[in-house]
Amino acid sequence: MLTNNNLQESIITQNEENMFLLANEDGKVGVEKAVELLNNNKTSIDAIVEGISKVEEDPHSKIVGLGGIPDISGEVTLDAAIMDGSTLDFGAVGCIKKHVNAIKIAESILHDSPHCLLVGEGADRYAKEKNIPLRSPLLQKAEDQWRELFKTYVNEDIPDSLEVVALAEWCKKAIIGAHGHLFKDTTIFMAKDHKENIAVGTSTTGWPLKYPGRLGDSPVAGAGFYANNKWGAAACTNTGEMALRANTAFAVVQYMKIGLSVEEAVYQSMKDLTSLKGGLLSDLVVHGIDKQGKYKVACYHSKPHGEPAPKFYYWHKEHSTELALIEAETMFRDDILSMNHKF
Ligand code: GLY
């Protein structure tokens with residue numbers, strides 16, 4: 001029976017019309033499931049975890065879960081995170097090797113652990129204790145692709161064992177030399193549910209040919225993802241080093257907090273990126289959404305390279321029953337510098 005109190009609560013906290021989902025194009029196999037779950041009044045966290053799990057299970061994805069391309073030592077390692085915008089709590093994993101379902105481990109850490117971020121052997125151990133199925137993410141076709149990338153970008157014969165060879169210079173040569181041409185991506189999902197809770201999730205195998213132990217932005221709160229029910233959410237894909245240096249996802253949400261529109265907030269985060277000097281500078285795609293579901297997605301290019309503009313999926317309960325596939329705005333460093341910005 002509804003009491004006056006819980007009637008009030010349902011009026012205050014239930015607003016199905018405001019539900020939304022925004023996911024990047026790499027989330028394709030998971031977006032319909034996520035929308036279905038939101039429509040069935042599941043939480044934004046459940047919708048994101050199930051959506052991202054589908055991407056992780058998809059053997060065709062070269063940059064997430066099963067079938068991800070190995071690092072320079074030939075091993076596939078996964079990073080993932082899920083953040084709850086109602087509590088500002090998150091669960092994340094980095095550099096796991098023995099599991100495909102990184103987002104489920106992150107979810108378990110969020111719900112069931114005093115910690116936020118587990119990496120390496122400890123994260124795989126935690127997953128085993130929580131009965132998350134052990135499964136190698138490495139597939140033969142990804143190993144074949146790794147051999148090709150190694151030959152192209154490292155340009156050396158692959159030794160029988162990579163365990164004792166020095167990899168740092170080879171890695172540098174490959175990452176710098178391949179500017180813009182390695183599949184350096186991630187899947188990101190941001191959603192708001194019928195209780196107006198906003199969440200964000202990420203999952204990636206990071207850069208092919210990355211150095212063993214390298215973490216990108218995807219498992220790091222504030223860099224690759226951030227959500228706060230009061231303002232909205234943000235998530236990044238592509239060159240994680242840039243988001244780590246500029247704390248990009250947190251910056252977008254903070255810019256909204258101080259009164260900027262989501263569009264201005266994302267532009268402002270692009271302006272921040274123009275201050276990065278030296279180090280690894282390439283592309284960074286910044287996805288921002290405010291609590292009403294207004295969005296801005298833009299791709300920062302350090303320099304032109306002719307790659308097509310990234311796309312993203314967007315659904316808003318009030319506006320459409322369909323998922324739209326939309327092209328992000330691409331922006332070059334010099335264009336951003338010439339814009340009139342607040343800061
Ligand atoms: N944005 C994914 C990564 O840099 O690993």
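Counting convention: from 1, in listed order, for ligands and their atoms alike. On a predicted model such as this, the values are computed, not experimentally measured, just so you know.
- The shortest separation from a heavy atom of S218 to ligand 1 is under 4.0 Å, placing the residue in contact.
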TODO: Please report the C-alpha distance between D193 and N41 in whole Å, then the side-chain angles of each, then the deciding distance to 0.1 Å, and finally whether the side chain to side chain donor-acceptor pair (under 3.5 Å) criterion is met.
DONE: CA-CA 7 Å; D193 61 29; N41 286 348; over 6 Å; no

Which donor-acceptor pairs under 3.5 Å do side chains of residues 63-88 form with protein atoms, sequence neighbours excluded?
| residue | atom | partner | partner atom | Å |
| --- | --- | --- | --- | --- |
| D71 | OD1 | S73 | N | 2.8 |
| D71 | OD1 | S73 | OG | 2.8 |
| D71 | OD1 | G74 | N | 3.1 |
| D71 | OD1 | E75 | N | 3.1 |
| E75 | OE1 | K97 | NZ | 3.0 |
| T77 | OG1 | K210 | NZ | 2.9 |
| D79 | OD1 | C95 | N | 2.9 |
| D84 | OD1 | S86 | N | 2.8 |
| D84 | OD1 | S86 | OG | 2.7 |
| D84 | OD2 | S86 | OG | 3.4 |
| T87 | OG1 | D89 | N | 3.1 |

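- The G206 neighbourhood of ligand 1 comprises atoms 5 (O), with distances under 4.0 Å to a heavy atom of that residue.
- If you take CD on E148 and CD on Q145, they are separated by 6.5 Å, rounding to the nearest 0.5 Å.
- Ring centers of Y153 and W170: at least 6.0 Å apart, outside the cut-off.
- When non-hydrogen atoms are compared, ligand 1 lies under 4.0 Å from neither the backbone nor the side chain of M242.
- Near T186, with a cut-off below 4.0 Å to any heavy atom, the atoms of ligand 1 are 1 (N), 2 (C).
- At least one heavy atom of R214 sits closer than 4.0 Å to an atom of ligand 1.
- Y255 and Y267 have their aromatic ring centers separated by at least 6.0 angstrom.
- Checked by distance only, ligand 1 and G216 stay at 3.5 Å or farther apart across all their nitrogen or oxygen atoms.
- Considering backbone and side-chain atoms together, E241 places no N or O closer than 3.5 Å to any N or O of ligand 1.
- Atoms of ligand 1 found under 4.0 Å from any heavy atom of W207 (numbered from 1 in listed order, with element): 4 (O).
- The six-membered or imidazole ring of Y314 lies away from that of F20, with a centre-to-centre distance of 6.0 Å or more.
- Here salt bridge (Lys or Arg N to Asp or Glu O under 4.0 Å) pairs that include residues 105-117, with residues two or more places apart or in two chains, are D112-K130.
- Only the backbone of N238 comes within 4.0 Å of ligand 1, counting heavy atoms alone; no side-chain atom from C-beta on gets that close.
- Using a 4.0 Å cut-off to heavy atoms of D217, the atoms of ligand 1 that qualify are 1 (N), 2 (C), 3 (C), 4 (O).
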